Amino acid sequence: MTKLNVMAGLLAAALVVPSSFAQSTDDVSKDLRELKARVAALEVENSALKGANDGALLESQINALASNVAVGTAAPKVTFSGEMRHRYLNTNASGTRVWGIENLARIGFGYDVGSGISFKVTAQETFDLGTNAALNPTLYEAYSTWCNFLGVNGLCAKIGRQELSVGNQFAFGVNDWDAGTSQDLINFGYCTESFSANLVYDLNTGTGADHDQNYILFVALKAIKDMTIEGYYSSSDDNIPADTGLDRFGGHFAAAFGGLGVDANFDVQELPAGAKDNASALEVNFDYDLNKDLGLFLRYACAEESYVFTGNRHSNTGYRARFGLADWYSLSDSRSLQVGGNMACGSGWTAGATVGLFLADTDSSNTGSEVDLWAEHACADNATLGAGLGFVSPDVGDNFTVLYVQARIAF
């Protein structure tokens, strides 16, 4: 910048020289020649300086400097989650009324450290009003998540105590109508836009040679529009006691065809030695939205003898109760058919009704019919009030009713 200013000054001087101090023509000519020579020299030097500071070169130098600076990721993010649930439950069977107010309190803390790495810890407690028992909160969740694990894009690992669910939770459910179900898992997952796979190691009991563990493989195909196909295989290695483990496999299919939705589950459990070879179960759901406010559904389910249902009986199905609000029906060695609907009533209200027939080769106290009515009001984005009434008519035994009223805050 100094040399450029000097050159500008010299040019200005060259312009005013002819009128300065009445110099002679020879002197002026001499001075002009000297000034021109110096200006020419400065122009050559200035051109060299411009080349050394070419824009592209300057940009590359800046980029090189930036690459050597550790640019931090987004600021760490702290998240809180929680639930407070109060449920009045009244069962009137054989002239005996049993009621209570059940409560669930849950609070969770999460921390996102960036680069796909985070952790979450959740504690919870269940208690009944009026018992005045001491509270003993338990650790419900405690896991860390590592995305892009080992530098592989799309590969994540979730390690620790966590919930495990698949599809609409027929085979693997979290039982969140009650206190929820969490397990100690190492869950490796690889996901793309059209495909995902999870390999889960489930340690149930013990360490070393005395252990009870499962290996579960989940695969999901999402490449077909409006359709999901999921499959799983589970292998148990149970040594407490020996030879009581089972293998398990099945699948989940969900699709939408216009206004018609189809959701189906198939599950096969291999039984321990000395029992039958396996026990299987099937569930098929159809739902159809007549309009934005009214929807209908039909559900059929059946299971062989000795089948053990491990899914979610109530929530995450869209119908409030998978096999009735009374929760009395046993899926094993039986068949069921349910029809019902749900309707948006305006002002945050939703209501519905379900009629279920539960059949088996032999009548029992776990077969018969049930009629359910329920309604729910969204008081706020994270708060609801709801109630339901179930009328149960067993094939064996007396009729009974189940009533619940529930207030729930969840975020």
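Quick note: numbers below take in every heavy atom, side chains included, and nothing from hydrogens, waters or symmetry partners. These numbers were taken from a predicted model, which means no experiment stands behind them.
Residues Thr310 and Phe172 form no side-chain contact, since every pair of their non-hydrogen atoms from C-beta on lies 4.5 Å or further apart. Between Tyr307 and Gln269 there is a side-chain heavy-atom pair separated by less than 4.5 Å. The closest side-chain heavy-atom distance from Gln162 to Lys120 is not below 4.5 Å. At least one side-chain heavy atom of Ile216 sits less than 4.5 Å from a side-chain heavy atom of Leu164. No side-chain heavy atom of Asn285 sits less than 4.5 Å from a side-chain heavy atom of Phe297. Contact of the Phe286 side chain with the Val262 side chain is registered, since non-hydrogen atoms from C-beta on lie closer than 4.5 Å. Using a 4.5 Å heavy-atom cutoff, the side chains of Phe411 and Asp381 are not in contact. Residues Val402 and Leu89 meet the side-chain proximity criterion, which asks for heavy atoms closer than 4.5 Å.
Applying the ring pair (Phe, Tyr, Trp, His ring centres under 6.0 Å) rule to Tyr140 yields no partners; only residues at least two apart in sequence or on another chain are considered. When the salt bridge (Lys or Arg N to Asp or Glu O under 4.0 Å) test is applied to Glu376, the partners found at least two apart in sequence or on another chain are Arg320. In this structure, the ring pair (Phe, Tyr, Trp, His ring centres under 6.0 Å) partners of Tyr329, at least two apart in sequence or on a different chain, are Phe323, Phe358. Take Phe249 and apply the ring pair (Phe, Tyr, Trp, His ring centres under 6.0 Å) test, not counting sequence neighbours, and it matches no residue. Remark: Asp361 engages Arg335 in a salt bridge (Lys or Arg N to Asp or Glu O under 4.0 Å) (not counting sequence neighbours). Glu370 is linked by a salt bridge (Lys or Arg N to Asp or Glu O under 4.0 Å) to nothing, counting only residues two or more places apart in sequence or in another chain. The side-chain contact (heavy atoms from CB on, under 4.5 Å) check on Ala353 picks up Leu373, with sequence neighbours excluded.
Closest of all the heavy-atom pairs between Gly390 and Asp372 is CA-OD1, 3.3 Å. When every heavy atom of Val174 is checked against every heavy atom of Ser165, the shortest pair comes out as CG1-CB, 4.1 Å. Closest heavy-atom contact between Asn153 and Tyr190: O-CE1, 3.4 Å. The nearest pair of heavy atoms linking Val268 to Ser280 is CG2-CB, 3.9 Å. Here the closest heavy-atom approach between residue Ser365 and residue Pro394 is recorded as O-CB, 3.8 Å. Taking all atoms of both residues into account, the shortest heavy-atom contact from Asp184 to Arg161 is OD1-NE, 2.8 Å.
Rounded to the nearest 0.5 Å, atoms CG (Leu359) and CG (Leu337) are 8.0 Å apart. With values rounded to the nearest 0.5 angstrom, Leu357 atom CG is found 9.0 Å from Ser336 atom OG. Rounding to the nearest 0.5 Å places CD of Glu270 at 9.0 Å from OG of Ser235. Between the CG atom in Leu155 and the CG atom in Leu150 there is a gap of 7.0 Å [rounded to 0.5 Å]. Atom CG of Asp327 is separated from atom OG1 of Thr91 by 10.0 Å, given to the nearest 0.5 angstrom. For the atom pair CG of Asn175 and OG1 of Thr181, the computed distance is 4.5 Å after rounding to the nearest 0.5 Å.
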Checking Val121 against Tyr111 for the side-chain contact (heavy atoms from CB on, under 4.5 Å) test, could you report, in this order, the C-alpha distance in whole Å, the side-chain angles of both residues, the deciding distance, and whether it holds?
CA-CA 9 Å; Val121 176; Tyr111 189 79; over 6 Å; no
side-chain hydrogen bond (donor to acceptor under 3.5 Å, both in side chains) assessment of Asp247 paired with Tyr233:
CA-CA 8 Å; Asp247 289 346; Tyr233 175 77; 3.2 Å; yes
Derivation and outcome, side-chain contact (heavy atoms from CB on, under 4.5 Å), residues Asp112 and Thr79
CA-CA 8 Å; Asp112 185 353; Thr79 58; over 6 Å; no
Let's go through Thr354 and Arg299 carefully: what are the C-alpha distance in whole Å and the side-chain angles of both, what is the deciding distance for side-chain contact (heavy atoms from CB on, under 4.5 Å) to 0.1 Å, and is it a yes or a no?
CA-CA 10 Å; Thr354 302; Arg299 176 186 296 113; 5.8 Å; no
Intermediate values then yes/no, side-chain contact (heavy atoms from CB on, under 4.5 Å), Lys158 and Leu185:
CA-CA 8 Å; Lys158 183 187 276 189; Leu185 309 173; over 6 Å; no
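Classified by interplanar angle (parallel below 30°, tilted 30° to 60°, perpendicular above 60°), the ring pair His314/Trp177 is parallel. Using cut-offs of 30° and 60° on the angle between ring planes, the pair Trp349 and His377 is parallel.
Of the possible polar contacts, one joining the Ser364 side chain to the Asn366 backbone as a donor-acceptor pair under 3.5 Å is found. Between the side chain of Ser332 and the backbone N or O of Ser306 there is at least one donor-acceptor pair closer than 3.5 Å. Put simply, the side chain of Asp178 never gets that close to the backbone of Gly180: no donor and acceptor are under 3.5 Å apart. Using a distance-only test at 3.5 Å, with no hydrogens or angles considered, a donor-acceptor pair links the side chain of Arg322 to the main chain of Asn312.
Under the salt bridge (charged side-chain N to carboxylate O under 4.0 Å, His left out) criterion, the residue pairs touching residues 258-267 are Arg248-Asp267, with sequence neighbours excluded. Among residues at least two apart or in separate chains, side-chain hydrogen bond (donor to acceptor under 3.5 Å, both in side chains) pairs with a member in residues 391-408 are Glu83-Arg408, Arg87-Gln406, Thr367-Asp395.
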List the atom pairs, with distances to 0.1 Å, where a side-chain N or O of residues 287-294 and a protein N or O form a donor-acceptor pair under 3.5 Å, not counting sequence neighbours.
from, atom 1, to, atom 2, distance (Å)
Asn291, OD1, Asp293, N, 2.8
Asn291, OD1, Leu294, N, 2.8

Can you give me every donor-acceptor pair (side chain of residues 98-106, partner residue at least two apart or in another chain, under 3.5 Å) with its distance?
from, atom 1, to, atom 2, distance (Å)
Asn103, OD1, His86, ND1, 2.6
Asn103, ND2, Ile101, O, 3.2
Asn103, ND2, Phe127, O, 3.2
Arg106, NE, Gln124, OE1, 2.9
Arg106, NH2, Gln124, OE1, 2.6
Arg106, NH2, Ala179, O, 3.2

Would you tabulate the side-chain donor-acceptor contacts of residues 219-226 under 3.5 Å, counting partners in other chains and residues two or more places apart, or write 'none'?
none

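Between Phe170 and Phe309, a ring centre-to-centre spacing shorter than 6.0 Å is recorded. Checked against the 6.0 Å centroid threshold, Phe109 and Phe80 count as a close aromatic pair.
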